[in-house]
Amino acid sequence: GMSALIRYFLSKGKKVGGYDKTPSGLTEQLNYEGAAIHYEDNVDLIPDDFTDPAKTLVVYTPAVPEDHSELCYFRGNGFEVMKRARVLGEITGCNRGLCVAGTHGKTTTSSMVAHLLKQSHVDCNAFLGGILKNYDSNLSDKSDLTVIEADEFDRSFHWLKPYMAVITAADPDHLDIYGTPEAYRESFEHFTSLIRPDGCLLMKQSINVTPRLQEGVKFYTYTGAFDAKELSTFNFQLSTGSPDFYAENVRIGGGEIFFDFVGPDVRIPDIQLGVPVKVNIENGVAAIALAWLNGVTPEEIKHGMATFAGPRRRFDFHLKKENIVLIDDYAHHPAELKASILSVKELYANSDFVSVHIPATPETIGSINYELITSMPKGATLVNTARKEVIDEAGLEKALEDRPDLKYITDVAPDNIDVLKEKFGTRVFATPKKMGAQTAEANINAGLAAARQIVAYFADGCTKFQVNK
């Protein structure tokens, strides 16, 4: 999220410094490009270039705690301090902002839009929530179009001034901030009121959001696979009518997905998904529609969709061989988890399935429930390398009862482990004691290590494992 903003200001000739909690390949690259990033919360480490309130803008995200000493220093000494979202709002006020919002799907959809525009004659700037694998930089000096992932967390997207906007989903989330599902949906309705009069809103069909559009704003709907002969299946016939943009003639198999894109006065056959996961059909329809509305040609769209590599950790193929596939997919909402599982299930219908769950945020507590576990393919094994709280234990027990083909492996025993072992025998395995650390970063590392070990076993028969080298 912040890396594109850092590069934006560097490209404008500004000096950029900052703090991050831990070093990474990305932060080291940003330092190489000219930023001055440090990794200790220490006011004394703030470079001299950033100690004059008259010449310094301080930008932060909600991930920075309120008691962060450097943030408190800037606030207490007369500096202009802005949330990242507000800065993006200032940028969209000067450019034509293409803003993609939604509970889930926004990172992939905004990344698709950015790639479609970037590789076409139209071009764009982009501020995304993920790192796009197709590019080292998303900056352009010849286009006034700016693609922005519009984050609803903490109502951040209310700072934006969209030229065109997309809403991919409005399933209630972040209720610790919004309080009620109604307040969450209302925030999206307010977001629609911010669209410029010369722009448009593109919203997924059947989302429970009532747009509040200014006069002059055009309104379109879209969906994924759509068959006019099966209107009742989609519940469109009596409610909202047919979508403006949709996919037809969907073909899934052999690890690939093709479809025909249909919209007002346009049909583009044989679209190939560069990241072949079923949910990307509807993400792709939204991205193609926005690209087409901004002048990208059908030929450029076909090439762009086929070459789209996706953002990192969004259905990210780490290994793709004939006998084994390893996919890394970030999904923070139960609906995303289920969509990811069902997509793998359909792409690789006759394969064995191992799911390694690596939760990194409090929102994942209890997220692995009966519905998700029973949606896993036949013969699947769920591996939990994190805290036991992520598992709904009553749901796990019922799922194992109803699905005798499922197995569960964990390195932290649930409270009812004795009951589970007695009922399900070798289908449940827990290590004698917790093997991993308790931080989010350690959980992620443990999960990735487990995934690599599983792959090594199936690919090469390797049974000699170690977590760290």
Side-chain angles (χ1 to χ4, degrees), residues 98 100 105-126 128 130-138 140 143 145 147 149 166 168 202 204 222-226 245-263 265-322 325-330 339-340 342-344 346-349:
L98 308 179
V100 182
K106 58 181 174 287
T107 298
T108 298
T109 303
S110 58
S111 297
M112 281 182 175
V113 174
H115 176 60
L116 289 174
L117 292 168
K118 190 77 175 173
Q119 57 86 50
S120 76
H121 74 283
V122 178
D123 205 357
C124 71
N125 292 296
L128 309 174
I131 300 171
L132 192 55
K133 291 186 290 184
N134 289 85
Y135 306 98
D136 293 327
S137 173
N138 289 328
S140 168
S143 176
L145 287 174
V147 180
E149 179 178 338
V166 177
T168 61
L202 177 64
K204 184 183 174 184
Y222 76 94
T223 187
F226 178 78
F245 300 96
Y246 56 93
E248 224 176 43
N249 190 26
V250 177
R251 289 142 285 162
I252 302 175
E256 301 295 345
I257 297 178
F258 292 84
F259 65 89
D260 298 345
F261 170 80
V262 182
D265 303 317
V266 63
R267 182 185 188 93
I268 307 175
D270 301 324
I271 299 287
Q272 180 181 9
L273 286 178
V275 181
V277 51
K278 190 173 182 179
V279 71
N280 277 348
I281 298 174
E282 68 180 48
N283 292 336
V285 169
I288 294 169
L290 205 59
W292 182 74
L293 289 169
N294 283 281
V296 182
T297 68
E299 292 76 18
E300 290 171 334
I301 286 171
K302 290 186 70 169
H303 180 265
M305 291 300 295
T307 57
F308 176 68
R312 293 176 188 171
R313 300 198 63 212
R314 298 305 193 278
F315 220 81
D316 193 354
F317 284 86
H318 285 249
L319 184 67
K320 194 174 183 181
K321 294 184 176 181
E322 186 175 342
V325 174
L326 175 60
I327 300 168
D328 181 14
D329 191 37
Y330 174 84
S340 180
L342 294 177
S343 295
V344 175
E346 189 158 8
L347 271 177
Y348 301 101

- Query: With no hydrogens and no angle check, do the side chains of H115 and T307 hold a donor and an acceptor under 3.5 Å apart?
  - Reply: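 Indeed, the side chains of H115 and T307 share at least one donor-acceptor pair under 3.5 Å.
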- Message: Going by salt bridge (Lys or Arg N to Asp or Glu O under 4.0 Å), name the residues that satisfy it together with D260, two or more places apart in sequence or in a different chain.
- Response: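 Here the qualifying residues are R251, R267.
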Can you name the nearest heavy-atom pair linking [X] to [Y], along with the distance?
X	Y	value
A286	V166	CB-CG1, 4.2 Å
V296	H121	CA-CE1, 4.5 Å
F308	T108	CZ-O, 4.1 Å
A126	A114	CB-CB, 3.9 Å
I281	A247	CG2-CB, 3.6 Å

To the closest 0.5 Å, what do you measure between [atom1] ([X]) and [atom2] ([Y])?
X	Y	atom1	atom2	answer
N280	M112	CG	CE	4.0 Å
S111	E149	OG	CD	7.0 Å
L116	E300	CG	CD	9.5 Å
I288	I301	CD1	CD1	6.0 Å

- Task: Start with the C-alpha gap between E282 and T223, add the side-chain angles, then the distance that decides, and say whether side-chain contact (heavy atoms from CB on, under 4.5 Å) holds.
- Result: CA-CA 6 Å; E282 68 180 48; T223 187; 5.6 Å; no
- side chain to side chain contact (heavy atoms under 4.5 Å, CB included) with L145: which of D123, N125, V122?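 Considering D123, N125, V122, a side chain to side chain contact (heavy atoms under 4.5 Å, CB included) with L145 is found only for V122.
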For residues [X] and [Y], determine if any side-chain heavy atom of one lies less than 4.5 Å from a side-chain heavy atom of the other.
X	Y	answer
Y246	Y222	no
F258	V250	no
V100	K106	yes
N294	L290	yes
Q272	M305	no
F245	L202	yes

- side-chain contact (heavy atoms from CB on, under 4.5 Å) between L273 and F259, worked out: CA-CA 8 Å; L273 286 178; F259 65 89; 3.8 Å; yes
- Which is it for F261 and V285 under the side-chain contact (heavy atoms from CB on, under 4.5 Å) test, yes or no, and what are the steps along the way? CA-CA 7 Å; F261 170 80; V285 169; 4.1 Å; yes
- Please assess T109 against N283 for the test side chain to side chain donor-acceptor pair (under 3.5 Å), listing each intermediate value before the final yes or no. CA-CA 5 Å; T109 303; N283 292 336; 3.2 Å; yes
